[in-house]
Undergrad: 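Here it is, the structure in full.
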Amino acid sequence: MFDGRLLNGVSVLAAVIESGSFARAAELMGLSASGVSRAISRLEGRIGLRLLDRTTRTMRLTDDGARFYEQVAPLLSGIEEAAQTAVGARQAVRGRLRVNVDPYFSRLVLGPRLGAFLDRYPDIQIEIFTRNEIGDLVADGMDVAVRFGEPAQRSLISRLLMQTPVITIAAPAYIERHGWPSRPQDLSEHTCIQFQDPLTARPFEWELRSGDEVVSIETRSRILVNDAGTTLATCLAGIGIAQVFTLGMADYLNNGQLVNLFPGWSDETFPLYAFYPSRQHVPAKVRAFIDFCVEIIE
């Protein structure tokens with residue numbers, strides 16, 4: 001038989017965790033702080049686990065509490081989603097959306113088009129966190145992540161959004177000073193802006209592909225960066241040659257600020273994925289955001 005008291009206790013626990021304190025949770029739920037404390041104690045007694053370590057000044061989840069909340073939080077989201085769906089699909093896309101986004105995608109693709117998403121869904125409040133690593137979506141309180149590269153965490157649900165070609169670019173100012181490399185192998189004699197792999201802390205290897213032919217380049221450089229914005233700014237300044245995704249580069253190439261050095265060697269691709277914690281009860285706001293990302297990269 002369904003135990004409504006258990007659900008009530010879990011709801012109080014969620015309010016405590018999301019608000020960060022018993023006092024704020026009490027305000028959100030219209031309870032007294034002592035009422036919140038009693039609800040947590042009853043929940044702990046009902047399931048036989050200590051969920052929170054708390055003192056007069058601090059509060060944190062125990063290991064058992066963290067595991068328990070990780071399992072029940074998606075279920076609470078599912079209940080909320082069902083209630084929102086009942087009043088119409090448009091109203092379901094609402095609330096706070098926390099997104100972990102690759103810095104390159106955020107700066108060059110998502111950021112300039114974010115206004116269209118907000119106009120479409122006026123009840124959404126979006127929080128964007130740009131990071132070089134995906135981290136722990138559940139522990140960080142993220143609803144969804146958009147990242148380049150193959151999935152490293154099998155516990156997450158992934159959706160492939162696109163395969164973007166990799167191109168080798170330079171600014172006209174660089175070409176004027178140093179010349180245009182006539183073939184991929186010539187890149188070893190040029191200043192190449194290396195980009196740090198966040199997983200290995202080493203520079204990404206440079207490869208150029210044309211059909212089945214692959215040329216690996218041993219680049220030489222005094223420049224190593226771990227930020228897409230710095231890579232772009234350095235390249236635009238004519239300081240060196242960079243390898244970037246075609247995604248987000250159209251304006252720079254079309255107006256002549258950057259030049260694709262080897263148009264016939266752009267068959268290497270890199271995947272872009274959306275990640276979210278669970279396949280079950282995916283919130284409408286997450287589905288809407290992922291669909292929007294697909295729309296703006298097509």
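Being a predicted model, the structure only gives us computed values, none of them experimental. In this chain, numbering begins with 1 at the start of the sequence shown.
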Undergrad: Could you state the interatomic distance from CD (Glu44) to CG (Leu52), rounded to the nearest 0.5 Å?
TA: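 Reported value, rounded in 0.5 Å steps: 6.0 Å.
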Undergrad: Quick one: OG on Ser278 to CD on Gln71, what's the gap to the nearest 0.5 Å?
TA: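 If we round to the nearest 0.5 Å, Ser278:OG and Gln71:CD are 11.5 Å apart.
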Undergrad: How far apart are the closest heavy atoms of Glu127 and Arg98, and which atoms are they?
TA: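 Looking at all heavy atoms of both residues, the shortest contact is OE1-NH1, 2.8 Å.
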Undergrad: Kindly compute the distance separating CD1 (Ile193) from CG (Leu224), expressed to the nearest 0.5 Å.
TA: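 Rounded to the nearest 0.5 Å, the CD1-CG separation comes out at 11.0 Å.
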Undergrad: Taking all heavy atoms of Leu156 and all of Pro277, pick out the closest pair and write down the distance.
TA: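 Minimum heavy-atom separation between Leu156 and Pro277: CD2-CA, 4.0 Å.
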Undergrad: Check for me, please, whether Val214 and Leu208 land in the same ILVMFWY cluster - side-chain distances under 4.5 Å, paths through other members count.
TA: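 No, Val214 and Leu208 fall in different hydrophobic clusters.
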Undergrad: Between Leu232 and Leu258, is the side chain to side chain contact (heavy atoms under 4.5 Å, CB included) condition met? List the steps.
TA: CA-CA 10 Å; Leu232 180 60; Leu258 293 171; 3.9 Å; yes
Undergrad: Who passes salt bridge (Lys or Arg N to Asp or Glu O under 4.0 Å) against Asp64, sequence neighbours left out?
TA: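 Expected list: Arg67.
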Undergrad: Please name all residues satisfying side chain to side chain contact (heavy atoms under 4.5 Å, CB included) with Thr219, sequence neighbours left out, ordered by chain then number.
TA: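 Partners of Thr219 by the side chain to side chain contact (heavy atoms under 4.5 Å, CB included) criterion, ordered by chain and then number, come out as Cys192, Gln194, Trp206, Ile217.
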Undergrad: Donor-acceptor pair, distance only, cut-off 3.5 Å: does the side chain of Gln185 make one with the backbone of Val215?
TA: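 Such a contact is absent between Gln185 side chain and Val215 backbone.
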Undergrad: Quick one: does Arg24's side chain have a donor or acceptor within less than 3.5 Å of a partner on Ser19's backbone?
TA: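 Side chain of Arg24 to backbone of Ser19: a pair is present.
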Undergrad: Over 60° means perpendicular and under 30° means parallel, so classify the ring planes of Phe148 and Phe105, tilted if in between.
TA: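 Taking Phe148 first and then Phe105, their aromatic rings stand perpendicular (interplane angle over 60°).
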Undergrad: Quick check: do Val244 and Tyr252 have side-chain heavy atoms less than 4.5 Å from each other?
TA: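 No, every pair of side-chain atoms sits at 4.5 Å or beyond.
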Undergrad: Can you confirm whether Arg202 sits close enough to Asp197 that some side-chain heavy atom of one is under 4.5 Å from a side-chain heavy atom of the other?
TA: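 A side-chain contact is absent here, since even the closest heavy-atom pair is not under 4.5 Å.
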Undergrad: Going hydrophobic residue to hydrophobic residue with side-chain gaps under 4.5 angstrom, can you get from Ile241 over to Ile223?
TA: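 Result: no, two separate clusters.
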Undergrad: I would like to know whether Leu161 and Ile297 meet side chain to side chain contact (heavy atoms under 4.5 Å, CB included); could you show each step before the answer?
TA: CA-CA 8 Å; Leu161 303 183; Ile297 62 180; 3.9 Å; yes
Undergrad: Identify which one of Ile296, Asp119, Val109, Ile128 satisfies the side chain to side chain contact (heavy atoms under 4.5 Å, CB included) criterion when paired with Leu114.
TA: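 Answer after filtering Ile296, Asp119, Val109, Ile128: Ile128.
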Undergrad: Tell me every residue that passes salt bridge (Lys or Arg N to Asp or Glu O under 4.0 Å) with Glu205, counting only those two or more places apart in sequence or in another chain.
TA: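 Glu205 satisfies salt bridge (Lys or Arg N to Asp or Glu O under 4.0 Å) with no other residue.
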Undergrad: Where the side chain of Arg147 meets the backbone of Asn132, is there a donor-acceptor pair that is under 3.5 Å apart?
TA: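 Judged by distance alone, yes, a pair lies under 3.5 Å.
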Undergrad: Working to the nearest 0.5 angstrom, can you tell me the gap between Thr231 OG1 and Leu236 CG?
TA: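 Atom-to-atom, Thr231:OG1 and Leu236:CG are 10.5 Å apart.
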Undergrad: Can you tell me if Tyr276 uses its side chain to pair, donor with acceptor, with the backbone of Ile290 under 3.5 Å?
TA: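 Side chain of Tyr276 to backbone of Ile290: no pair is present.
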Undergrad: What heavy-atom pair brings Gly149 and Phe270 nearest, and what distance separates the two atoms?
TA: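 Taking Gly149 first and Phe270 second, the nearest heavy atoms are N-CE2, 3.6 Å.
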Undergrad: Output, in order, the C-alpha distance, side-chain angles, deciding distance and verdict of side chain to side chain contact (heavy atoms under 4.5 Å, CB included) for Tyr121 and Leu97.
TA: CA-CA 11 Å; Tyr121 303 110; Leu97 178 67; over 6 Å; no
Undergrad: Closest approach of Phe68 and Val10, non-hydrogen atoms and distance?
TA: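 Nearest pair, atom of Phe68 first, then Val10: CZ-CG2, 4.0 Å.
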Undergrad: With no hydrogens and no angle check, is any side-chain donor or acceptor of Glu268 less than 3.5 Å from a backbone partner on Arg209?
TA: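 No, Glu268 side chain to Arg209 backbone: no donor-acceptor pair under 3.5 Å.
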Undergrad: Tabulate below the donor-acceptor pairs under 3.5 Å that side-chain atoms of residues 165-179 make, not counting sequence neighbours, or state none.
TA:
residue: Thr168; atom: OG1; partner: Gln243; partner atom: NE2; Å: 3.2
residue: Tyr174; atom: OH; partner: His190; partner atom: ND1; Å: 2.8
residue: Tyr174; atom: OH; partner: Thr191; partner atom: N; Å: 3.2
residue: Arg177; atom: NH2; partner: Gly238; partner atom: O; Å: 2.5

Undergrad: To the nearest 0.5 angstrom, please state how far the CZ atom of Phe245 sits from the CD atom of Gln163.
TA: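 Nearest 0.5 Å value for the CZ-CD distance: 10.5 Å.
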Undergrad: Tell me, please, which residues at least two apart from Arg183 pass salt bridge (Lys or Arg N to Asp or Glu O under 4.0 Å).
TA: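 For Arg183 the salt bridge (Lys or Arg N to Asp or Glu O under 4.0 Å) partners, ignoring immediate neighbours, are Asp186.
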Undergrad: I'd like to know if Leu51 and Val72 are part of one continuous hydrophobic network [Ile/Leu/Val/Met/Phe/Trp/Tyr, side-chain heavy atoms within less than 4.5 Å].
TA: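 Yes, it is one cluster - the side chains of Val72 and Leu51 are joined through contacts under 4.5 Å.
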Undergrad: If you compare all heavy atoms of Ser210 against all heavy atoms of Gly264, which two are closest, and at what distance to 0.1 Å?
TA: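 Closest heavy-atom pair between Ser210 and Gly264: OG-O, 3.1 Å.
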Undergrad: If you define the side chain from C-beta out and look only at heavy atoms, does anything of Ile40 sit under 4.5 Å from Leu13?
TA: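 A side-chain contact exists here, since the closest heavy-atom pair is under 4.5 Å.
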Undergrad: Is a donor on one side and an acceptor on the other found under 3.5 Å between the side chain of Asp143 and the backbone of Val99?
TA: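 No; judged by distance alone, with no hydrogens or angles, the pair does not exist.
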Undergrad: Ignoring hydrogens and angles, tell me if any N or O in the side chain of Asp140 forms a donor-acceptor pair with the backbone of Met142 under 3.5 Å.
TA: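 Side chain of Asp140 to backbone of Met142, a donor-acceptor pair under 3.5 Å: no, none is there.
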Undergrad: Partners of Arg159 by salt bridge (Lys or Arg N to Asp or Glu O under 4.0 Å), sequence neighbours excluded?
TA: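 Counting only residues at least two positions away or on another chain, Arg159 forms a salt bridge (Lys or Arg N to Asp or Glu O under 4.0 Å) with Asp291.
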Undergrad: Which heavy atom in Ala33 sits nearest to a heavy atom in Phe22, and how many Å separate them?
TA: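 Of all heavy-atom pairs spanning Ala33 and Phe22, the closest is O-CD2, 4.3 Å.
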Undergrad: Calculate, to the nearest 0.5 Å, the distance between atoms CD and CG belonging to Glu133 and Asp102 respectively.
TA: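 Here the interatomic distance stands at 11.5 Å.
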Undergrad: Does a side-chain heavy-atom distance below 4.5 Å link Ile126 with Phe289?
TA: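 In short, these two side chains touch, coming nearer than 4.5 Å.
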Undergrad: Do Leu137 and Leu75 share a hydrophobic cluster (ILVMFWY, side-chain heavy atoms under 4.5 Å, transitive)?
TA: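 The answer is no; the residues belong to distinct hydrophobic clusters.
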Undergrad: Indicate yes or no: at least one non-hydrogen side-chain atom of Phe195 is less than 4.5 angstrom from one of Val225.
TA: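 A side-chain contact under 4.5 Å exists here.
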Undergrad: Passes side chain to side chain contact (heavy atoms under 4.5 Å, CB included), Leu110 versus Val146? Steps please.
TA: CA-CA 10 Å; Leu110 177 62; Val146 179; over 6 Å; no
Undergrad: Would you check, one step at a time, whether the test salt bridge (Lys or Arg N to Asp or Glu O under 4.0 Å) holds for Arg96 with Glu18?
TA: CA-CA 12 Å; Arg96 183 178 63 168; Glu18 292 177 5; 5.7 Å; no
Undergrad: Can you list the steps and then say if Asp53 with Arg60 is a salt bridge (Lys or Arg N to Asp or Glu O under 4.0 Å)?
TA: CA-CA 5 Å; Asp53 284 327; Arg60 70 176 183 85; 3.5 Å; yes
Undergrad: Donor-acceptor pair, Thr164 side chain versus Leu247 backbone, under 3.5 Å?
TA: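 Side chain of Thr164 to backbone of Leu247, a donor-acceptor pair under 3.5 Å: yes, one is there.
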Undergrad: Answer with yes or no whether the hydrophobic clustering places Trp180 together with Ile239; edges join I, L, V, M, F, W, Y residues whose side-chain heavy atoms lie under 4.5 Å apart.
TA: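 No, it is not one cluster - the side chains of Trp180 and Ile239 are not joined through contacts under 4.5 Å.
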Undergrad: When you measure from the side chain of Arg287 to the backbone of Val282, do you find a donor-acceptor pair of N or O atoms at a distance under 3.5 Å?
TA: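 Yes.
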